[in-house]
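Step one of this worksheet: look at the structure below.
Scope of the values below: all heavy atoms of this structure, side chains included, with no hydrogens, waters or symmetry mates.
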Amino acid sequence: MTGREILHKMKAKAGFGSSASDTGKGKSKMSGKQITHGFHLIKGKSNHAMEDYVFAQFKQVQDKELGLFAIFDGHLGHDVPDYLQSHLFDNILNEHDFWTETETAIRRAYDVTDKKILDKAVDLGRGGSTAVTAILFNGEKLIVANVGDSQAVICKNGVAKQLSVDHEPANEREDIEHRGGFVSRFPGDVPRVDGQLAVARAFGDKSLKRHLTSEPDIAEEVIEEDTELIILASDGLWKVMSNQEAVDLVKNTKDAQTAAKQLTEEAVTRKSKDDISCIVVKFQRSFLC
């Protein structure tokens, strides 16, 4: 086994993923709660290297268990999403008021992380990344934050509900123009900030940062007895599949890793050409009933 293969297996076991085809899984260690997660990534048909990264693991912090899940979808290189995979959750958890003012701490950590990325632009390049993060507290409460167009969806009693916000330039034109930028559909027919970036919020992108923001939208959801699963995925999946279609495809699949693989492979079948990354968190019925 090569050193690269060994590193790949170590990262997958730890809950990291970023390669041409990558997969992994884990489970909660809390007594009496059968919560599992699985992730799967597939490289798209573009000529550049894989730009999607995932983070998925359960972590014991003090007397609590946190489920930490994230999708990072890079553009113009993979260095920024790689940096986010390694640093964003650490920055969030290191905020002094994380446990008491969680939303404020997340917003501050997003801003701090973005500033660090911009300061490291010489090393990380001129690219950027979207992000959707989810923190599960003791299997009871979920907080989702996002910038860009990766999405988080929760399923309760068979019904899909999107918890993230798609930050499309056309929807934020007024704010972009207020910062001195513009939104154009040229080249192509997709609204872009300054004719370049197809999302209005992102980490990095130093050349566009005056006209962008890394301010996340944040949603909180209580995990109830009818909660079945959570899906986080990059836009390579959501371009070809609705929230409800994704939920319907995997709601009866018991294994979370298999469910994540099913979703990515279905997106490829539906002709998605983008990189596709997906995390599924399953709440087993034996726990719910």
Side-chain angles (χ1 to χ4, degrees), residues 51-55 68-93 95 102-121 124-135 142-153 162-176 178-179 181 183 190-194 196-220 230-239 274-275 277-279:
E51 293 180 332
D52 278 14
Y53 281 68
V54 306
F55 187 104
L68 304 174
F69 309 104
I71 299 286
F72 304 115
D73 183 356
H75 40 268
L76 296 179
H78 57 80
D79 289 328
V80 172
D82 186 20
Y83 181 88
L84 288 166
Q85 181 196 62
S86 300
H87 294 88
L88 182 56
F89 277 122
D90 283 344
N91 291 342
I92 292 173
L93 297 181
E95 288 292 331
T102 305
E103 181 174 328
T104 300
I106 291 173
R107 292 188 187 281
R108 190 184 305 114
Y110 266 58
D111 183 56
V112 167
T113 303
D114 191 40
K115 286 182 169 63
K116 289 181 179 179
I117 290 170
L118 297 175
D119 288 342
K120 296 176 179 291
L124 298 178
R126 63 191 182 92
S129 179
T130 67
V132 58
T133 59
I135 304 177
L142 181 73
I143 294 184
V144 169
N146 82 291
V147 293
D149 54 5
S150 292
Q151 293 179 11
V153 172
Q162 184 171 324
L163 300 178
S164 56
V165 175
D166 292 340
H167 295 135
E168 299 177 356
N171 295 336
E172 302 194 25
R173 180 189 300 270
E174 184 175 340
D175 290 336
I176 293 166
H178 182 73
R179 299 186 196 107
V183 176
V190 177
R192 298 178 184 272
V193 178
D194 296 352
Q196 300 179 55
L197 188 63
V199 290
R201 306 190 194 188
F203 287 98
D205 294 295
K206 188 168 185 176
S207 64
L208 296 172
K209 185 52 65 173
R210 289 180 301 167
H211 307 151
L212 298 174
T213 177
S214 61
E215 175 75 14
D217 271 292
I218 297 178
E220 181 175 322
I230 303 162
I231 300 172
L232 277 71
S234 61
D235 67 326
L237 183 124
W238 304 115
K239 286 177 179 176
D274 202 353
D275 296 340
S277 53
C278 179
I279 300 169

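- Taking every heavy atom of both residues into account, P81 and G128 meet most closely at CD-O, 4.1 Å.
- In this structure, L212 CG and E172 CD are separated by 9.5 Å, a value rounded to the nearest 0.5 Å.
- Among all heavy-atom pairs drawn from L93 and L68, the shortest one is CD1-CD1, 4.2 Å.
- Here the straight-line distance linking atom CZ of R173 with atom CD of E168 works out to 12.0 Å at 0.5 Å rounding.
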Between C278 and I231, does the side chain to side chain contact (heavy atoms under 4.5 Å, CB included) criterion hold? Intermediate values first, please. CA-CA 7 Å; C278 179; I231 300 172; 4.1 Å; yes

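- Taking all atoms of both residues into account, the shortest heavy-atom contact from P216 to V147 is CA-CG1, 3.7 Å.
- Interatomic distance, CD1 of I135 versus CG of L142, reported as 9.0 Å (0.5 Å rounding).
- Partners of A109 under the side chain to side chain contact (heavy atoms under 4.5 Å, CB included) rule, at least two apart in sequence or in another chain, are N91, I92, E95.
- In this structure, the side chain to side chain contact (heavy atoms under 4.5 Å, CB included) partners of L118, at least two apart in sequence or on a different chain, are D114, K206, K209.
- Closest heavy-atom contact between F89 and A70: CE1-CB, 3.7 Å.
- One finds the OH atom of Y83 at 11.5 Å from the CZ atom of F72 (value rounded to the nearest 0.5 Å).
- When all heavy atoms of S234 and D73 are compared, the closest pair comes out as CB-OD2, 3.9 Å.
- Side-chain contact between L197 and H211: absent, with no pair of heavy atoms (C-beta onward) separated by less than 4.5 Å.
- Residue Q151 holds its CD atom at 11.5 Å from CD1 of I71, rounded to the nearest 0.5 Å.
- Between E220 and the options T102, I143, L163, V144, a side-chain contact (heavy atoms from CB on, under 4.5 Å) holds for only I143.
- When all heavy atoms of L232 and F69 are compared, the pair lying nearest together is CD2-O, 3.8 Å.
- Between D111 and R107 there is no salt bridge, since no side-chain N of the basic residue sits under 4.0 Å from a carboxylate O of the acidic one.
- In this structure, T130 OG1 and D235 CG are separated by 7.0 Å, a value rounded to the nearest 0.5 Å.
- Two residues are said to be in side-chain contact when any heavy atoms from C-beta on lie closer than 4.5 Å; V153 and W238 meet this criterion.
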Take F55 and L88 through the side chain to side chain contact (heavy atoms under 4.5 Å, CB included) test and state the conclusion after the steps. CA-CA 10 Å; F55 187 104; L88 182 56; over 6 Å; no

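- Inspection of the D52 and S277 side chains reveals an N or O donor paired with an N or O acceptor under 3.5 Å.
- T213 pairs by the side chain to side chain contact (heavy atoms under 4.5 Å, CB included) definition with R179, R201, E215, not counting sequence neighbours.
- By the neighbour-count criterion of 12 heavy atoms within 6.0 Å, atom CZ of R108 is densely surrounded, having more than that number from other residues, nucleotides or ligands.
- Counted by atom type alone, Y53 and S129 present zero donor-acceptor pairs between their side chains at under 3.5 Å.
- Side-chain contact between N146 and H167 is present, with heavy atoms from C-beta onward closer than 4.5 Å.
- Looking at L84 and I117, their side chains come closer than 4.5 Å, going by heavy atoms from C-beta outward.
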